Number of protein chains: 2
Amino acid sequence: MQDKTTLAKKQSGRSDRSQAVSADLIAVIIAVTNGEPRVLTIGQTNALPSGPFELDHRSLQSGLRAWVERHTSHPLGYVEQLYTFADRDRIDDEHVQRVISISYLGLTREEQTERSPTHGWRGWYDYFPWEDHRAGVPSILLDILTPRLQAWADEADEPDMRHDRRQRVAIAFGFDDRDWNEELVLQRYELLYEAALVAEAKRNWHTGGVPPVPGRLMIADHRRILATGIARLRTKIKYRPVVFELMPPTFTLLQLQRTVEALAGRLVHKPNFRRLIEEQNLVEETGETMSDTGGRPAKRFRFRQTVLAERTVAGTKLPLSRG
Amino acid sequence: MQDKTTLAKKQSGRSDRSQAVSADLIAVIIAVTNGEPRVLTIGQTNALPSGPFELDHRSLQSGLRAWVERHTSHPLGYVEQLYTFADRDRIDDEHVQRVISISYLGLTREEQTERSPTHGWRGWYDYFPWEDHRAGVPSILLDILTPRLQAWADEADEPDMRHDRRQRVAIAFGFDDRDWNEELVLQRYELLYEAALVAEAKRNWHTGGVPPVPGRLMIADHRRILATGIARLRTKIKYRPVVFELMPPTFTLLQLQRTVEALAGRLVHKPNFRRLIEEQNLVEETGETMSDTGGRPAKRFRFRQTVLAERTVAGTKLPLSRG
DNA sequence: GCCTATTATTCTCCAAATGAGTATAATAGG
DNA sequence: CCTATTATACTCATTTGGAGAATAATAGGC
């Protein structure tokens, strides 16, 4: 039986060079508060929480969970691995040592806001203002992004490349009578990066190029990682009951709907939303009602225990279709 | 602006311990030949190809691509990251250094089979015989797995745990009038591991416990990684046109259907399959026909260029529904 | 107390998608 | 020329999904 270690030695004549790596964990921690999706940040709210992966943890997942809970006193409900990055040009300064960054998505609730000086929550649409379509197509997208992306596509020299750019932009941003697909968060960010329209791509905008598009900046590639997390979450809520982790113990159906809409960045049809939620037996009435919002009082619901048990495999449907 | 490096130093009092890691790439390379899904292996076909991540690659993805193409002369069509593992008990012997394994899924075609002594292809159902439902529920599942899983669930002491085990087994394997969900490959493998029914879980079967269930063994956690890859692929073919990468340049619709069925491990309704493929404009006729199989000759098709262009975001539908 | 605005909740309707079966076409081989 | 076999084209019933209408229950102004 051939061992993996043996193989590695045999196949790499310069295995010494492959040793010098260190591993970092980067966390995208999401909560939804007052109908706004928010992300846990550090520093001047321009960095995602991250830290070294320590050897005494059983696994990456438990390492992340322990690390986040230690530093934020936020229990993490749901954790899922996002992506592992190791691109050479990731770190700005000339590090000899290569860093492997393993990113995770975590869901929680923003409860005991104890005003930490090192950690804070910030609405994720501050970083991606073009992603919020709940009040219609945002003007930033119409007035600023669209013309600049068109210009970028048109400035390509070769006709093939022009066509390719136009097509990719149209698909990602829903131009030419295409529908807006809220799942393409990462593709959109990467197109903006490629077009040098975000400040992270500091290729040319301070030397005569166009200035960056609105949207809060993050260090290194953290905004790309956040985009990855948002995209994953927007995909996931459509077929797995993860909204749970973001809700308080009891809630009204409208609150649940607002949470889903906040994540998806688009509105859903209320009666259809109710129909889907109820026919899947995801929730049960608590018996209480709530009459805050000036109208007929709403019934309070909680998630059913069985759903929590089947959580890992149970399906959910929402009135949001796949692109 | 606070740098990530600074943060890491500040937050870890023992950052020296977090340095000693090395990174490995592990590849799940899939091809479909004669209607059978196959995986590229090394050694006695009991290990997935793997090797050290080398610093001179631009990114993990390009590192893997270069590595696989160098060692197999198989161009990799489609590559996607699977998962990053770093559990402490992953390596058998007492390594001081921790290994981070980054696994990838790659799709290709098994063409120039040049009988390499170090690499070989093997049908993936050799490793997971209970996953092939194309000819109905396999007898291995009915006669061997079912009673053993039931026994394992019943042997739990506490009633709560018994109920929990029964439920998880029922969901994963489709007992109690539930449907078989072909996507739950990983959940099934992990349940068998937990129940010590696969040889990798060498807890008790050689010391009085039950012998392992049929299915070819792999070293370390390679079979789990393969299960992860199969699950991902079975999910992916339902909404993204990745079957392309596994097909020859031209093919008949039945060949395409057989490939999908091979991956999904279940049969699909032929007229409906054709309807979906054609109404999505995924393919176009070449004009030629093929009359090998003793019947009316079948038209040859190829994939349309536009689809290849939109590949990253385009959707596909198949007559396989989500669980 | 009555009217109005507001939200909650329930139904209805129609179009599209899906699952499953049937009918017809074109070849090879005896 | 008949039969077996596969390809291809239709049909039909059922389920889903999107969108709007109708009704119920509260608060607040008058």
Side-chain angles (χ1 to χ4, degrees), chain A residues 34-35 133 136 179-182 237-239 250-261 264 266-302 315-323, chain B residues 34-35 133 136 179-182 237-239 250-261 264 266-302 315-323:
Chain A
N34 301 323
H133 287 228
D179 287 332
W180 172 258
N181 183 343
E182 73 277 357
I237 49 167
K238 294 177 191 170
Y239 64 96
T250 71
F251 47 86
T252 69
L253 289 184
L254 186 60
Q255 287 171 335
L256 182 63
Q257 181 183 341
R258 294 288 177 238
T259 302
V260 167
E261 291 173 335
R266 68 186 337 174
L267 301 178
V268 302
H269 186 74
K270 183 146 77 167
N272 291 350
F273 180 81
R274 302 175 63 93
R275 174 173 66 186
L276 283 179
I277 296 298
E278 291 189 314
E279 83 189 4
Q280 290 173 100
N281 287 315
L282 292 178
V283 298
E284 61 192 8
E285 301 183 12
T286 67
E288 307 155 59
T289 60
M290 201 180 137
S291 50
D292 294 30
T293 45
R296 172 173 171 177
K299 293 180 192 164
R300 283 185 166 284
F301 290 83
R302 75 171 74 88
T316 323
K317 286 176 187 167
L318 293 174
L320 294 161
S321 52
R322 301 207 99 168
Chain B
N34 301 324
H133 288 228
D179 287 333
W180 172 258
N181 183 343
E182 72 277 357
I237 49 168
K238 293 178 191 169
Y239 64 96
T250 71
F251 47 85
T252 69
L253 289 184
L254 186 60
Q255 287 171 336
L256 182 62
Q257 180 183 343
R258 294 287 177 241
T259 302
V260 168
E261 291 173 335
R266 67 185 340 173
L267 301 179
V268 303
H269 186 75
K270 183 148 73 166
N272 291 348
F273 180 81
R274 300 174 63 93
R275 176 173 63 187
L276 282 179
I277 295 298
E278 293 189 313
E279 82 186 7
Q280 292 174 98
N281 287 315
L282 293 178
V283 298
E284 62 191 8
E285 301 183 13
T286 67
E288 307 156 57
T289 60
M290 202 182 136
S291 51
D292 294 30
T293 44
R296 169 173 172 178
K299 293 180 190 161
R300 282 184 167 285
F301 291 83
R302 75 170 76 87
T316 324
K317 287 177 187 169
L318 293 174
L320 292 161
S321 50
R322 302 208 98 169

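Here is how names work: the chains are called A, B, and so on, in the same order as the sequence lines, proteins then strands, and each is numbered from 1. Bear in mind the structure is a predicted one, so any value in this text is a computation, not a measurement.
Atom CZ of B:F251 and atom C1' of D:dA7 are 16 Å apart (whole Å). Remark: C1' of C:dA8 and CE of A:M290 are 13 Å apart, rounded to the nearest angstrom. Atom CD1 of A:I277 and atom P of C:dT10 are 14 Å apart (whole Å). Following rounding to the nearest Å, B:E278 (CD) and D:dT8 (P) show an atom-to-atom distance of 8 Å. Residue B:K270 contributes atom NZ, which lies 8 Å from atom P of D:dT8 at whole-angstrom precision. For the pair A:Q257 CD and C:dT7 C1', the computed distance is 12 Å after rounding to whole Å. If you measure from atom CZ of A:R274 to atom P of C:dT9, you get 4 Å, rounded to the nearest angstrom. Between the CG atom of B:L276 and the P atom of D:dT8 there is a distance of 16 Å, rounded to whole Å.
The side-chain heavy atoms of A:N272 and A:R275, taken from C-beta on, include a pair separated by under 4.5 Å. Side-chain atoms of B:L282 and B:F301, non-hydrogen and from C-beta on, never get closer than 4.5 Å to each other. Within the 4.5 Å cutoff, the side chain of B:I277 has no heavy atoms near those of the B:Q257 side chain. A heavy-atom distance below 4.5 Å is found between the side chains of A:V260 and A:F273.
Taking only side-chain nitrogens and oxygens, A:K299 never comes nearer than 4.0 Å to OP1 or OP2 of C:dA8.
Evaluation of the salt bridge (charged side-chain N to carboxylate O under 4.0 Å, His left out) rule for A:R258 yields A:E261 as partners, not counting sequence neighbours.
Taking CZ of B:R274 as the reference point, atom CG of B:L276 lies at 12.0 Å (rounded to 0.5 Å). Rounded to the nearest 0.5 Å, atoms CG (B:N34) and CD (B:Q255) are 10.0 Å apart. Interatomic distance, A:K299 NZ to A:L254 CG, rounded to the nearest 0.5 Å: 14.5 Å.
Residue-level contact check: A:L254 touches the backbone only, with heavy atoms under 4.0 Å from sugar-phosphate atoms and none from bases.
Contact between A:T250 and A:R300 at its shortest, heavy atoms only, is OG1-NH1, 2.8 Å.
Taking a pair as Watson-Crick or G-U with both hydrogen-bonding distances under 3.5 Å, the stems of three or more pairs touching DNA chain C are C:1-30 with D:1-30.
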### Query
What string of B, S and - do you get for nucleotides 19-30 of chain D, 5' to 3', if B is base contact, S is sugar-phosphate-only contact and - is no contact with any protein heavy atom under 4.0 Å?
BBB--BBB----
